[in-house]
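To keep things clear, I will list the structure first and then write my remarks on it.
Remember, predicted model here, so these are calculated numbers, not experimental data. In what follows, residues are counted from 1 in the order of the sequence shown.
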Amino acid sequence: MQALYGQHFPIEVRHYLAQWIECQLWDSVELDNPAEEAKAKHLLENLVAELQKKAQLQGGEDGFLLKIKLGHYANQLKSTYDRCPLELVRCIKHILHSEQRLVQEATNASCGSGVQAMDSLSQRHQQINQSFEELRLATQETENELRKLQHSQEYFIIQYQENLRIQAQLSSLSSLPQAERTQRETALQSKRTTVEAWLTREASTLQKYRLDLSEQHQKTLALLRKQQTLILDEELIQWKRRQQQAGNGGPHEGGLDVLQSWCEKLADLIWQNRQQIRRCEHLTQQLPLPGPMEELLSKLNADITDIISALVTSTFIIEKQPPQVLKTQTKFAATVRLLVGGKLNVHMNPPQVKAVIVSEQQAKALLKNESTHSESSGDILNNNCVMEYQQATGTLSAHFRNMSLKRIKRSDRRGAESVTEEKFTVLFESQFSVGGNELVFHVKTLSLPVVVIVHGSQDNNATATVLWDNAFSEPGRVPFSVPDKVLWPQLCDTLDMKYKAEMHSGRGLSEDNMVFLAQKAFTSSSNNPEDSRNMTITWAQFNRVRPLLPQLNHRMSGTRWSASQKNESLPGRNFTFWQWFDGVVELMKKHLKPHWNDGAILGFVNKQQAQDMLMSKPNGTFLLRFSDSEIGGITIAWVAENPNKTGTTLTGTTLTGTTLTGTTLTGTTLTGERLVWNLLPYTTKDFSIRSLADRISDLNHLLFLYPDRPKDEVFAKYYTPLLCKYRPLGYLASANRISGPHVGARADSTGGVTGRAKAVDGYVKPQIKQVVPEFTTPNPEPSGGTPTFMDHAASPSVSLPNNFAVFPSM
């Protein structure tokens, strides 16, 4: 916990302003948005003011020193962050999130009976932390042994020099008298014999020390490799997988603070061991001894270099991915981060990062280490950025804020694959050195697959490609291979994740919804969810879009892209399964999200199911279901009296041998004296004119939302308030109202409904009427003096004659 604080943010400030700090909306500040600097500046000023206020409240002898200290901290924070207030927000967000994580880990550790009470995540973290402690102890042990070796070798060298001095003295005895020479020679020879015997023994001991130390280093390196594999190949890969799933609406991948702390610990331990090995090499060169030490140390040095190279290159990652559906001539952003940059002091000479867009084939060549230098598949503006070091959080990142894809160069694809199935990737690369240019690294990382579009009409199909790739790609794949078919439940999980994310709701797709989708995808009539449990769905069934004119497909001119596409559509439709589903999602998130979250929309119900459900309910009961025939359409189905009651003769029409289903009379099945009406589907264009709740309010014959909820109870809170009766200058306000079919209308001889409502393809058409509320009554009786609605305009999805017919109010 103490490691979170320092001069950048003293722990005393956190202590004395704890409640105030925790109540501020730090997460509401977007750190990558320069426009948020004013908000951050305001937070800084308030923090300084709170500190000064706290200081003034301190009194007495005990509070004197604290008053001075808090005042000093206020001035210190102001001078540190006055020019960069966003860094203060970044620092405090980092501290608060780290505190929450540490508290959660401590809570998990204290609950229940030890390890059994901890979840798998906490267990993994505990295992990693234990391994770090083992590595720390092992590194400390080899450091101690190395110091002993160095001390022993220094003493050996002293004795070796002593032996050389003795030899020199023996050589100088020739000038002495015989008697004295003999006496001194005997003593020196005895001393030399003793020293040489010691040197021989000590040389063996030193060699053994060196071999033992090399063996210890080998064990430490093995532990380092194991720990690094666990962090990089499991934890970091899982984080990247969560990041990919987040592109489909999965939970946020989480912060990188824990991973960075682990990687920094690894870098620190690896660097310590590398320095130890270098010192061993120096000792060996200083005092060469017979044996395999030179080869052993050379191998250790190569191994430790490989380990640190793998760590550096693997921790150069994309923290914020570029958009996976990338439109040309549109600004986009991305953030690249080096997790060990701060620990290795890379920021002392900040490196520059370059971004280029490459094709799938170029990405494959990169992973094979084939030369693709300077090759790209397009031009990105503002594609160079210098990495910045944030001292408060210890992060080294490059923030690309204003990139734009100016041009894209497509590959020559003459097969069945369309441009919205062609995948690219953004390559980020940089070069820097560590250890005083001792090691030079050229690092690269690839973004998640990107589909490039030039027109908004391509977004739907491009999103399908991205969704399938994010959901079903395997770790370590060859770019960017994905399975051609998957199990239906797997796709259901993906669609559910996407739907819940777009709705910002915990209410996802139910099992009944999945059955409906299976019926649509497989053209099945089964209502049993088990029937589709083991079925597979192919990419073609999901959203295969084939180009009709390859030359137009590659040219990518400004014309509408859909003109050169052919869909593998649902039976009887001109759209694919995904296009239908995505249309529902777009409609819901733009206009109907609150109603879905309230449970007011059943949605995934076909026409026959709606009829079966409504026929057992009282007249005026209605439900909302998604249109089968129109992308992004929703219709209202309701039960009402049959205008052709039993015994009515339909002049000129012979019903013998005719099945009264589908589009008979009002487009629904005739049953007894009642039938189910279906309103022509509303689309997003309709709801941009008048909301669903207001449309339902306008239709007075809609009484109960299925199964039995009064409509006002469900929708009243969403009704648009009535305008005030009188406007300035004596004008009255008009309003739009929806006019639906009059359920008492009689059928004509052609099977339609005369006068007031006609069914087309099983649907009746609503109209928008402009009314003056003061000149209408809520429920007027049909009479000669009935107030009228003036036909104002047809719903955008309805083609009606431009006349001004007069309709009775409903």
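Checked against ring-ring contact (aromatic ring centres under 6.0 Å, His included), W596 has the following partners two or more places apart in sequence or in another chain: Y499. Here F400 pairs with F428 under the ring-ring contact (aromatic ring centres under 6.0 Å, His included) rule; sequence neighbours left out. Every residue two or more places apart in sequence or in another chain was checked for a side chain to side chain donor-acceptor pair (under 3.5 Å) with R401, and none qualifies. Listed by chain and number, the residues in a salt bridge (charged side-chain N to carboxylate O under 4.0 Å, His left out) with E502 are K498, K589 (sequence neighbours excluded). A search for ring-ring contact (aromatic ring centres under 6.0 Å, His included) contacts involving F622 returns nothing, not counting sequence neighbours. Applying the side-chain contact (heavy atoms from CB on, under 4.5 Å) criterion to E36, with sequence neighbours excluded, gives V29, E30, N33, K39, L86. Remark: T335 engages H399 in a side chain to side chain donor-acceptor pair (under 3.5 Å) (not counting sequence neighbours). The side chain to side chain donor-acceptor pair (under 3.5 Å) search around T328 returns none, not counting sequence neighbours. With sequence neighbours excluded, the residues forming a ring-ring contact (aromatic ring centres under 6.0 Å, His included) with F715 are H595, listed by chain and number.
Among residues at least two apart or in separate chains, salt bridge (charged side-chain N to carboxylate O under 4.0 Å, His left out) pairs with a member in residues 447-471 are K423-D469, D469-R477. Applying the salt bridge (charged side-chain N to carboxylate O under 4.0 Å, His left out) definition to pairs two or more places apart or across chains, those involving residues 513-528 are K520-D628. Among pairs with a residue in residues 700-721, those fulfilling salt bridge (charged side-chain N to carboxylate O under 4.0 Å, His left out) read D598-K717, at least two apart in sequence or across chains.
Below 30°, between 30° and 60°, or above 60°: for W468 and F542 the angle between ring planes is between 30° and 60°, a tilted geometry. Using cut-offs of 30° and 60° for the angle between ring planes, the W580 and F516 rings count as tilted. Between F577 and W488, the angle of the ring planes goes over 60°, which puts this pair in the perpendicular group of the 30/60° scheme.
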Derivation of the side-chain hydrogen bond (donor to acceptor under 3.5 Å, both in side chains) call for Q519 and N527:
CA-CA 8 Å; Q519 292 172 346; N527 291 320; 2.7 Å; yes
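Annotation: cation-pi pair K617/Y706 present, NZ/CZ under 6.0 Å from the ring centroid and within 45° of its normal.
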